[in-house]
Protein chains: 2
Amino acid sequence: MRYQDGYREQKRKELLKQAGETAKARGFAATGIDALAQAAGVTSGALYAHFGSKAGLLDALVTNEMERSRARWARRPEQSPDAWMAEELARYLSRAHVDMPEKGCLMPSLAADIARAPEATRRIFEDQLSRAQAEIAERLGDADEAWQFLSRIVGAMVLARAVASVDVQDEILKANRTSGGR
Amino acid sequence: MRYQDGYREQKRKELLKQAGETAKARGFAATGIDALAQAAGVTSGALYAHFGSKAGLLDALVTNEMERSRARWARRPEQSPDAWMAEELARYLSRAHVDMPEKGCLMPSLAADIARAPEATRRIFEDQLSRAQAEIAERLGDADEAWQFLSRIVGAMVLARAVASVDVQDEILKANRTSGGR
DNA sequence: GTCTATATATTGATAGAC
DNA sequence: GTCTATCAATATATAGAC
């Protein structure tokens, strides 16, 4: 029993990682359960055994991916607010993040999917996002600034990925890495 | 001939308006051609006659919707940069815009779909977005600030729509309407 | 230019074997 | 827990009538 639970949990994490990569790259609504399962090396039956439905998979994906993002932002607690922000802007608004959505943050890839998902899913996302904002606000000493930081980085990544040329992508990234704002 | 062209153009605009509303509300990849056509009061055959393919419809949608957004931003050329920005932040980051994606800006709704579309589509979007940025930059007197403005409003709307509660939605909107940024 | 009918593929989900 | 097989529904797209 305990052994089985251990396996189940480990396998679940593994499926979430692989399905998450595929969903972030190709979109959640736009990708079928079969494709999500195939990317994780299983068939659809396995995904249904773990998550019950496609909606259930999205819920689990949101929790898993957002916890991962929050863990990244939580590092280096000794830094000054300005140094932390400069470093996080550089890390998040990077060329690699534009080019590899499958390895990146859930929000620029799937926030629009979440916005169209049932309320239960949006509550899960809200809980995770609020925690992230609270953690960042504590660091920066300002709640509004934390929301502005999150909005800016997500918006910049969304726009950069939607344009065709590397030049304009870099323009968007660079403009948002520098400080400013009226 | 001239009469027929006139009808065609008018009907095309009409189809774009209705299909655009449905696509913004329900997602482009997530919505079938039949649903897009039905929302416009026609059948799929009519959409194919006008746009050739689903991809062709998205291309036309991007042009049409972005030109509409640019026209909104272009109003009130006599205002001071600060007054213009304050007014545009209030207009864009409004409760109504969160609640009615079908009436709102294409970007928070469909940028993720565009990011996954063929390069031709992304080039069309890039052209429109670059024009918008240039127009805003001329007004604000700063190119980077124009990118930051666009990133911030798109990101804030994307996040606000993805959370469940009106309270957190309002938090995000309010924080991004006030000035600030490091 | 728009309709209906249709072709082929894929969707989310379930049942039963192992 | 995962597979294969299968369901009804829906996907994009095309053909031919009007």
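Source: prediction; values computed, not measured. Proteins come first, then strands; the chains are lettered A, B, ... in the order of their sequence lines, and each starts at number 1.
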Think Thr43(B) has a side-chain N or O under 4.0 angstrom from the OP1 or OP2 of dC3(C)?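 Yes, Thr43(B) has a side-chain N/O under 4.0 Å of OP1/OP2 on dC3(C).
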Rounded distance (Å) that lies between atom [atom2] of [N] and atom [atom1] of [X]:
X	N	atom1	atom2	result
Tyr48(A)	dA13(C)	OH	C1'	5 Å
Tyr7(B)	dT2(C)	OH	P	4 Å
Lys54(A)	dA13(C)	NZ	P	8 Å
Asp34(A)	dC3(D)	CG	C1'	12 Å
Asp113(A)	dG12(C)	CG	P	12 Å
Phe51(B)	dG1(C)	CZ	P	12 Å
Ile33(A)	dA9(C)	CD1	P	22 Å
Leu58(A)	dG12(C)	CG	C1'	14 Å

Taking the basic N atoms (NZ, or NE/NH1/NH2) and the acidic carboxylate oxygens, is any pair closer than 4.0 Å for Glu88(A) and Arg91(A)?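 Here Glu88(A) pairs with Arg91(A) in a salt bridge, since their nearest N and O are under 4.0 Å apart.
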Where the side chain of Ala46(A) is concerned, which of dG1(C), dT2(D), dC3(C) is the nearest nucleotide?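 So the nucleotide nearest the side chain must be dT2(D).
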Nearest to the Ser44(B) side chain among dG1(D), dA13(D), dC3(D), which nucleotide is it?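 Looking only at heavy atoms from C-beta outward on Ser44(B), the closest nucleotide is dA13(D).
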Between Thr121(B) and Ile124(B), is any pair of side-chain heavy atoms under 4.5 Å apart?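 They are not in side-chain contact.
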Counting distance only, does the side-chain N/O of Glu126(A) pair as donor-acceptor with the main-chain N or O of Ala164(B) below 3.5 Å?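 Pair found, side chain donor or acceptor close to backbone of Ala164(B).
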Hey, which sits more toward the 5' end of DNA chain D by its nearest nucleotide, Gly52(B) or Ala49(A)?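 Result: Ala49(A).
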Looking at Phe28(A), does the NZ or CZ of Lys54(A) lie under 6.0 angstrom from its six-membered ring centre and within 45 degrees of the ring axis?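 Yes, a cation-pi geometry holds between Lys54(A) and Phe28(A).
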